[in-house]
Amino acid sequence: MSQKIALVTGGTGGLGTSICRELADAGFKVVAGYNSGGNHEKAKAWQEEQRKDGYEIGVAYGDVTNAESCAKCIETVESLTGGSVDVLVNNAGITRDGMFKKMSWEQWDEVLSANLDSMFHMTRLVINPMLDKGFGRVINISSVNAQKGQFGQANYSAAKAGIHGFTKALAQEVARKGVTVNTVSPGYIMTAMVAKIDQKIQDSITSTIPVGRFGKPHEIGRTVAFLADNESGYITGADFSVNGGLHMF
Ligand code: CAA
């Protein structure tokens, strides 16, 4: 069987790197989508680091907030891999935390664009080829803060909650054609995004996590790889919470 192709948006970031590696370990041909503010050298350096560790992972530039840029990203993936995307991991995301009473439109708009509009731009480009092939996996990275809300994240919680509606609606539309759509909802995973939270706030969050620690990136990567598997075809429209027990429902 030919190697399936996986595209991970935000692939060179904290969670993204781990997701790329887990998918490569599972036998996928993996491409990391990156934005990095257009810093192509940074992405190449990331690629080199992966190579040193034995991972051959492609890199494709794309701004997930921009439809044209996403189309170019998909063209790059196709030219790098010689095929169309079988597994799309919509992982790219940003935070612009602040209390709502002080939140600017820009803080709202940037977060909604990067975390939710991105679902439309990227998935719209890959869904028809998946339906034609009769196989596809769309895995959307949401957050525990979509489910429980979070002080200081009205924008992020709204965008990440939107992902759940998107997942469940699309899952119904494509289920009969071998395409599954699922959500993974990480809790606080130790990446640069979480590291920039004030240390005192980090400590108070840790004290509320039943497992007693922040998560590790590979704990998300392995969940994604499980959902991407050929044998996971009966799981669709589902959400996988990986949050150390921080929120149970
Ligand atoms: N619940 C209730 N009250 C809170 C609170 C909380 N969780 N956090 C802070 N407050 C209170 C403070 O005690 C303070 O009260 P007083 O004015 O009475 O002293 C008041 O709210 C203002 O708090 P700050 O001084 O912290 O306000 P700020 O404007 O400096 O910062 C903030 C606000 C940026 C939102 C900051 O509180 C913060 O960074 N919070 C963490 C937000 C967070 O968890 N982000 C997650 C990022 S990681 C991620 O998003 C990944 C993922 O998917 C999980």
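Computed from heavy atoms alone, side chains included, the values below leave out hydrogens, waters and symmetry copies. Just so you know, ligand 1 is whichever comes first in the structure, and atom 1 is the first atom listed for that ligand.
- Nearest heavy-atom pair across S142 and T183 is CB-CG2, 3.4 Å.
- Taking CG of L88 as the reference point, atom CE of M119 lies at 8.5 Å (rounded to 0.5 Å).
- From N91, atom CG reaches atom OG1 of T12 across 9.5 Å, with rounding to the nearest 0.5 Å.
- Distances below 4.0 Å separate heavy atoms of V194 from the following atoms of ligand 1: 48 (S).
- Near M193, with a cut-off below 4.0 Å to any heavy atom, the atoms of ligand 1 are 49 (C), 51 (C).
- Under a 4.0 Å criterion applied to the non-hydrogen atoms of T95, ligand 1 contributes the atoms 50 (O).
- Remark: ligand 1 atoms within the under-4.0 Å shell around heavy atoms of D97 are 42 (C), 43 (C), 45 (N), 46 (C), 47 (C).
- For atom 16 (P) of ligand 1, no protein non-hydrogen atom is found at a distance below 4.0 Å.
- Between D86 and M130, the shortest heavy-atom contact is O-CE, 3.4 Å.
- For the pair K102 and ligand 1, the shortest N or O to N or O distance falls below 3.5 Å.
- If you look at I189 next to ligand 1, there are no close heavy atoms at all, none under 4.0 Å.
- Neither the backbone nor the side chain of K160 comes within contact range of ligand 1; no heavy atom lies under 4.0 Å.
- The distance criterion of under 3.5 Å between nitrogen or oxygen atoms is met by S143 with respect to ligand 1.
- Of the possible donor and acceptor atoms, none in the side chain of D53 sits under 3.5 Å from a partner among the backbone N and O of Y55.
- Taking the centre and axis of the six-membered ring of Y34, the NZ or CZ atom of K42 falls outside the cone set by 45° and 6.0 Å.
- In the vicinity of Q150, heavy-atom distances shorter than 4.0 Å reach the ligand 1 atoms 42 (C), 43 (C), 44 (O).
- Near G152, the atoms of ligand 1 lying under 4.0 angstrom from a non-hydrogen atom of the residue are 35 (C).
- For D198, no heavy-atom contact with ligand 1 is shorter than 4.0 Å.
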